[in-house]
Chemist: 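Supplied in structure tokens, the structure appears directly below.
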Amino acid sequence: MVRMKLHPHLHIVLAFLAIQFAALGLGQSLTFGLYGRLGPDYLTPTVEATLPLGDLDLSARLQRDALGLGLGGALEFSALGRLSYSARVSLGLVGWGLQAAAGGTLGPLAANLEAAYSNTPRSNLWVSDEAEGGLKLGLGGRYRLDSRQTLGLRLGFKNDLAGIARGAAELSYALRQGPTYTFGLGIDDARIYGLLGWRGELDEAGTLLEATLRTGQLGRLEAALTRPLDEEQINNLKLRLTLAYPWAASLGVEAYRFRADLGYDGGFSLWLRYTLSLGGNE
Amino acid sequence: MKKSLTIVCLSLGLAMAQSVAEITRQVQSNLERAPWEATVVGRVQLPDGSNQDAEFRLQVIPGKEQLARLEFKKPAALEGNFVVISDKEVWNYLFLTNQLIIQPRARARIEGLGFNLTNLGDFQELTERLTLRLLGEQNTPAGVAWRILGTPKDASLGFASMEILVLKADPRPLAITLRDSNNKVLADLSLNNFRRTSLTPQALRKRPADAEVLRRN
């Protein structure tokens with residue numbers, strides 16, 4: 001009953017915020033969406049908005065039963081690199097979550113750090129987030145040995161709501177010879193796998209394919225195809241495919257201001273989105 | 001006698017000042033004639049104080065919708081990074097993270113190396129921020145060149161003096177040397193392989209299709 005009472009309020013807040021962002025004309029973007037899932041059935045509208053606030057960017061995201069507010073900023077060093085940082089708090093009827101991230105690129109080195117905690121599965125706070133709660137820590141780094149070779153390292157740690165701790169590590173080596181070839185080795189929750197990747201342009205128009213296969217005691221294929229739709233590269237067609245074992249799959253299509261994501265991870269889901277640009281410097 | 005000497009000195013000073021303005025005007029109109037590109041090579045001091053070999057390709061489309069692209073070849077750590085500057089926006093592409101950061105020109109930090117190198121593509125804008133003095137002439141492998149010394153009108157440019165060599169036969173910058181207030185060289189760059197060529201805005205704005213685009217205000 002409490003849930004039923006609060007829904008209209010959230011929708012009012014949502015609509016109010018949307019009007020405010022639109023009226024100000026300052027928001028960089030406003031994205032409306034509709035997300036539906038089968039088994040357990042769930043349907044919600046989604047709204048994502050960004051608003052510049054001085055040197056910072058304020059972001060908001062809303063869905064049924066949950067609201068997230070984030071603040072992010074960056075220091076730009078032109079072609080030498082940048083440092084960015086962000087924090088988000090999410091509040092929902094079933095729980096709350098906090099997330100902080102920082103990333104930086106300076107010359108040959110790039111690193112990022114992420115920490116998140118929630119007392120409910122994060123998918124309850126935002127539809128596309130993982131169906132796990134608790135603590136999550138991630139550290140990623142890339143180091144450019146020379147103009148053609150890059151080393152990568154990823155470390156992850158999770159301690160979920162049941163108190164089960166898991167670790168992950170992945171080491172990779174990327175070689176650019178026209179296309180970029182990536183080789184690596186990883187371990188995720190005591191499952192060892194190898195990594196093979198390929199990224200390169202397929203034609204003169206700049207169509208770009210990136211494919212990564214992780215195989216061994218776990219299996220995961222990720223592929224992304226991006227095709228420019230105009231010479232100015234303002235619009236691109238983006239196709240994303242993920243296949244994983246234990247069975248999970250996702251297919252995403254994005255073009256102009258529309259985006260559709262179809263997913264399967266024990267149940268089917270579909271998320272349709274449309275993005276409006278509201279001034280700023282667009 | 002003393003008075004006439006003063007007049008001669010003043011006239012000479014005025015003539016020199018006029019000729020610097022005239023050289024600037026000639027360079028500007030020469031660079032604005034048609035799209036051009038050049039390779040910029042030399043040494044620059046990085047923010048950490050170390051000196052690095054630098055090599056960039058500079059491409060410029062002059063005119064009302066002026067566009068410049070600066071693409072790094074050296075240092076190796078920056079190869080593939082580029083900067084695109086238009087009237088309204090500055091694009092910074094970072095190869096390592098495949099990110100394209102777009103900022104309004106008015107707010108963008110484009111110095112990075114202690115000096116905004118794309119100013120070489122807009123000589124007028126560069127010289128407007130400097131007090132210029134003609135030092136004389138010098139022989140270079142490309143031909144006789146004017147030596148011009150520029151001192152910043154305000155401290156925000158990040159250097160204390162700039163020496164520019166301008167080719168007389170085809171008025172354009174040949175070399176540029178930046179020094180700090182201790183006369184230490186911050187950047188010593190020469191413009192090689194200068195050529196006029198057909199460049200399109202699309203070519204200058206080319207980027208990997210899958211780059212993550214980040215708009216900053």
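Chain identifiers are assigned alphabetically (A, B, ...) following the order of the sequence lines, protein sequences preceding nucleic acid strands; residue numbering begins at 1 within each chain.
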Chemist: Does B:Lys88, at its NZ atom, have more than 12 non-hydrogen atoms belonging to other residues, nucleotides or ligands within less than 6.0 Å?
Modeler: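 Open: at most 12 neighbouring heavy atoms sit under 6.0 Å from NZ of B:Lys88.
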Chemist: If you define the side chain from C-beta out and look only at heavy atoms, does anything of B:Gln99 sit under 4.5 Å from A:Ser84?
Modeler: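 Not in contact.
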Chemist: Please report the interatomic distance CZ(B:Phe95) to OG1(A:Thr105), rounded to the nearest 0.5 Å.
Modeler: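 Rounded to the nearest 0.5 Å, the CZ-OG1 separation comes to 12.0 Å.
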Chemist: Counting only heavy atoms closer than 4.5 Å, note whether A:Leu225 contacts chain B via side chain, backbone, both or neither.
Modeler: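 Neither part.
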Chemist: Can you check whether A:Lys238 reaches B:Asp210 side chain to side chain, under 4.5 Å on heavy atoms?
Modeler: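 They are not in contact (no side-chain heavy atoms under 4.5 Å apart), so the answer is no.
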Chemist: Nearest heavy-atom pair of B:Val83 and A:Ser78: which atoms, and what distance?
Modeler: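 That would be CG2-OG, 4.0 Å.
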Chemist: I'd like to know whether CD of B:Gln202 has more than 12 heavy-atom contacts from other residues, nucleotides or ligands below 6.0 angstrom.
Modeler: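 Correct, the count exceeds 12.
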Chemist: Looking at A:Arg273, I want to see if its CZ is surrounded by more than 12 non-hydrogen atoms of other residues, nucleotides or ligands under 6.0 Å.
Modeler: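 It does: A:Arg273 CZ has more than 12 such atoms within range.
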Chemist: What closest approach, in Å, do B:Glu79 and A:Ser147 show between heavy atoms, and which atom pair accounts for it?
Modeler: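 Heavy-atom minimum between the residues: OE1-CB, 2.8 Å.
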Chemist: What closest approach, in Å, do A:Leu208 and B:Pro208 show between heavy atoms, and which atom pair accounts for it?
Modeler: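 Closest heavy-atom pair between A:Leu208 and B:Pro208: CD1-CB, 4.2 Å.
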Chemist: A:Gly206 and B:Ala209: which non-hydrogen atoms are nearest, and at how many Å?
Modeler: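 Shortest heavy-atom contact: O-CB, 3.5 Å.
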Chemist: For residues B:Asn98 and A:Arg199, determine if any side-chain heavy atom of one lies less than 4.5 Å from a side-chain heavy atom of the other.
Modeler: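 Side-chain contact under 4.5 Å: yes.
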Chemist: Just wondering, are more than 12 heavy atoms of other shown residues or ligands nearer than 6.0 Å to CG in A:Asp55?
Modeler: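 Check fails, neighbour count at 12 or below.
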Chemist: Is there a side-chain contact between A:Arg82 and B:Leu214 (heavy atoms, below 4.5 Å)?
Modeler: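 Touching, per the 4.5 Å side-chain cut-off.
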Chemist: With rounding to the nearest 0.5 angstrom, report the CZ to CG distance, B:Arg216 to A:Leu75.
Modeler: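 Result: 8.0 Å between the selected atoms.
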Chemist: For the interface with chain A, which of B:Arg207, B:Lys73, B:Arg205 has the highest count of heavy-atom pairs at distances below 4.5 Å?
Modeler: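 Among B:Arg207, B:Lys73, B:Arg205, the one with the most close pairs to chain A is B:Arg207.
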Chemist: Is the closest side-chain heavy-atom distance between B:Ile101 and A:Glu76 below 4.5 Å?
Modeler: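 Result yes, sub-4.5 Å side-chain heavy-atom pair found.
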Chemist: Please classify the contact between B:Lys206 and chain A as side chain, backbone, both or neither, with a heavy-atom cut-off of under 4.5 Å.
Modeler: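 Both backbone and side chain.
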Chemist: Take atom OH in A:Tyr143; do more than 12 heavy atoms of anything else shown fall under 6.0 Å from it?
Modeler: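 For A:Tyr143, atom OH is not crowded (no more than 12 foreign heavy atoms under 6.0 Å).
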Chemist: What residues, two or more places apart in sequence or in another chain, satisfy side chain to side chain donor-acceptor pair (under 3.5 Å) together with A:Thr226?
Modeler: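 A:Thr226 satisfies side chain to side chain donor-acceptor pair (under 3.5 Å) with no other residue.
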Chemist: Which answer fits A:Ala74, side chain, backbone, both or neither, if we ask what part of it has an atom under 4.5 Å from a heavy atom of chain B?
Modeler: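 Its backbone and side chain both get close to chain B.
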Chemist: Does atom CZ of B:Arg133 have more than 12 heavy-atom neighbours from other groups under 6.0 Å away?
Modeler: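 Not more than 12 within 6.0 Å, no.
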Chemist: Identify which part of A:Asn112 has an atom lying under 4.5 Å from any heavy atom of chain B, answering side chain, backbone, both or neither.
Modeler: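 For A:Asn112, no heavy atom lies under 4.5 Å from chain B.
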Chemist: Where does B:Leu96 contact chain A at under 4.5 Å (heavy atoms): side chain, backbone, both or neither?
Modeler: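 Contact with chain A involves both backbone and side-chain atoms of B:Leu96.
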Chemist: So, for A:Gly107 and B:Leu78, which heavy atoms are closest and what is the spacing to 0.1 Å?
Modeler: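 Taking A:Gly107 first and B:Leu78 second, the nearest heavy atoms are CA-CD2, 3.9 Å.
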